[in-house]
**Q** 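I am attaching a structure below and will ask some questions about it afterwards.
FYI, the numbering just counts along the sequence from 1. Computed from a predicted model, the values in this text were never measured in an experiment.
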Amino acid sequence: MPNKISESRNFFATKVDYTENSKKNSELGLKGELLVINHLQNVLGYDTIHTSTIEGDGTGYDIEAIKKDGTSIYRG
(Lines give C-alpha, C1' and ligand atoms only; values in the text may rest on other atoms or scores of the structure.)
Protein backbone atom coordinates (compact mmCIF):
# COMPACT_ATOMS: atom_id res chain seq x y z
CA MET A 1 0.00 0.00 0.00
CA PRO A 2 1.50 3.38 -0.95
CA ASN A 3 2.44 5.77 1.79
CA LYS A 4 -0.15 8.55 1.50
CA ILE A 5 2.01 11.08 3.32
CA SER A 6 5.00 10.84 1.00
CA GLU A 7 2.94 10.46 -2.17
CA SER A 8 2.85 13.72 -4.07
CA ARG A 9 0.97 14.78 -7.16
CA ASN A 10 1.68 17.55 -9.57
CA PHE A 11 -1.45 19.48 -10.44
CA PHE A 12 -1.55 22.47 -12.71
CA ALA A 13 -4.78 24.40 -12.97
CA THR A 14 -5.69 25.58 -16.44
CA LYS A 15 -8.43 27.80 -17.69
CA VAL A 16 -10.36 26.34 -20.61
CA ASP A 17 -11.88 28.69 -23.15
CA TYR A 18 -14.91 26.64 -24.16
CA THR A 19 -16.15 29.30 -26.56
CA GLU A 20 -12.87 29.30 -28.47
CA ASN A 21 -12.75 25.48 -28.48
CA SER A 22 -16.29 25.35 -29.89
CA LYS A 23 -15.39 27.89 -32.58
CA LYS A 24 -12.31 25.89 -33.63
CA ASN A 25 -14.29 22.64 -33.68
CA SER A 26 -17.00 24.22 -35.84
CA GLU A 27 -14.39 25.55 -38.29
CA LEU A 28 -12.72 22.14 -38.49
CA GLY A 29 -16.07 20.42 -39.04
CA LEU A 30 -16.97 22.81 -41.85
CA LYS A 31 -13.59 22.20 -43.54
CA GLY A 32 -14.24 18.46 -43.37
CA GLU A 33 -17.70 18.84 -44.85
CA LEU A 34 -16.33 20.95 -47.70
CA LEU A 35 -13.65 18.33 -48.37
CA VAL A 36 -16.30 15.61 -48.62
CA ILE A 37 -18.48 17.77 -50.88
CA ASN A 38 -15.50 18.45 -53.14
CA HIS A 39 -14.82 14.70 -53.42
CA LEU A 40 -18.46 13.84 -54.10
CA GLN A 41 -18.74 16.48 -56.82
CA ASN A 42 -15.35 16.35 -58.52
CA VAL A 43 -14.36 12.70 -58.13
CA LEU A 44 -17.68 10.85 -58.08
CA GLY A 45 -19.68 13.35 -60.14
CA TYR A 46 -22.60 13.60 -57.69
CA ASP A 47 -24.78 16.64 -57.18
CA THR A 48 -24.69 17.74 -53.54
CA ILE A 49 -26.74 19.76 -51.09
CA HIS A 50 -24.91 21.11 -48.04
CA THR A 51 -27.93 20.74 -45.77
CA SER A 52 -26.19 21.74 -42.54
CA THR A 53 -25.58 25.23 -43.92
CA ILE A 54 -28.95 25.55 -45.66
CA GLU A 55 -31.35 23.94 -43.18
CA GLY A 56 -29.24 23.81 -40.02
CA ASP A 57 -28.24 20.87 -37.86
CA GLY A 58 -31.73 19.48 -37.32
CA THR A 59 -31.87 17.24 -40.40
CA GLY A 60 -29.72 14.48 -38.91
CA TYR A 61 -27.16 14.72 -41.71
CA ASP A 62 -24.84 17.39 -43.11
CA ILE A 63 -24.63 16.51 -46.80
CA GLU A 64 -27.05 15.00 -49.29
CA ALA A 65 -25.37 13.53 -52.36
CA ILE A 66 -27.54 12.76 -55.39
CA LYS A 67 -26.29 10.06 -57.73
CA LYS A 68 -26.81 10.21 -61.47
CA ASP A 69 -29.69 7.70 -61.16
CA GLY A 70 -31.49 10.09 -58.77
CA THR A 71 -30.97 8.16 -55.53
CA SER A 72 -29.68 10.06 -52.52
CA ILE A 73 -26.90 9.31 -50.07
CA TYR A 74 -26.88 11.10 -46.71
CA ARG A 75 -23.60 11.91 -44.93
CA GLY A 76 -23.54 12.95 -41.31
Side-chain angles (χ1 to χ4, degrees):
M1 181 171 221
N3 183 351
K4 297 285 182 184
I5 296 172
S6 64
E7 186 178 311
S8 66
R9 295 181 188 205
N10 294 328
F11 176 78
F12 301 98
T14 59
K15 185 173 181 181
V16 178
D17 187 346
Y18 293 104
T19 303
E20 184 63 25
N21 286 353
S22 179
K23 180 181 171 189
K24 286 180 182 179
N25 288 339
S26 293
E27 289 171 356
L28 180 61
L30 179 60
K31 286 180 183 180
E33 290 171 7
L34 294 175
L35 183 68
V36 170
I37 288 170
N38 183 52
H39 180 77
L40 290 168
Q41 290 175 342
N42 298 323
V43 176
L44 300 177
Y46 295 171
D47 290 326
T48 59
I49 301 170
H50 197 177
T51 54
S52 63
T53 60
I54 296 169
E55 298 179 33
D57 288 333
T59 59
Y61 56 92
D62 298 322
I63 301 164
E64 180 180 358
I66 301 125
K67 295 181 176 182
K68 293 185 189 304
D69 66 4
T71 57
S72 292
I73 301 171
Y74 303 98
R75 292 282 157 225

**Q** Under the side-chain hydrogen bond (donor to acceptor under 3.5 Å, both in side chains) rule, collect the residues that match up with Q41, sequence neighbours excluded.
**A** T48
**Q** Any chance you could pull the hydrophobic cluster mates of L35, using side-chain heavy atoms under 4.5 angstrom and chaining through other members?
**A** none
**Q** What are the two closest heavy atoms between D62 and G76, and how far apart are they?
**A** OD2-O, 3.0 Å
**Q** Pair up each side-chain donor or acceptor in residues 24-31 with any protein partner under 3.5 Å, not counting sequence neighbours, and list the distances.
**A**
from: N25; atom 1: ND2; to: N21; atom 2: O; distance (Å): 3.3
from: S26; atom 1: OG; to: S22; atom 2: O; distance (Å): 3.1

**Q** Identify all side-chain donor-acceptor contacts of residues 10-17 below 3.5 Å with residues at least two apart in sequence or on another chain.
**A**
from: D17; atom 1: OD1; to: T19; atom 2: N; distance (Å): 3.3
from: D17; atom 1: OD1; to: E20; atom 2: N; distance (Å): 3.1

**Q** Any ring pair (Phe, Tyr, Trp, His ring centres under 6.0 Å) pairs touching residues 25-70, not counting sequence neighbours?
**A** Y61-Y74
**Q** If I take atom CG from residue D47 and atom NZ from residue K68, how far apart are they, to the nearest 0.5 angstrom?
**A** 7.5 Å
**Q** In chain order, what residues pass the side-chain contact (heavy atoms from CB on, under 4.5 Å) check against N42, with sequence neighbours excluded?
**A** N38
**Q** For I66, what are the other residues in its hydrophobic cluster, where any two members join if their side-chain heavy atoms are less than 4.5 angstrom apart?
**A** I49, I54
**Q** Looking only at heavy atoms, what is the nearest atom pair of S52 and E33, with distance?
**A** OG-OE1, 3.0 Å
**Q** Going by the rule side-chain hydrogen bond (donor to acceptor under 3.5 Å, both in side chains), which residues pair with S72 if we only count those two or more places apart in sequence or in a different chain?
**A** E64
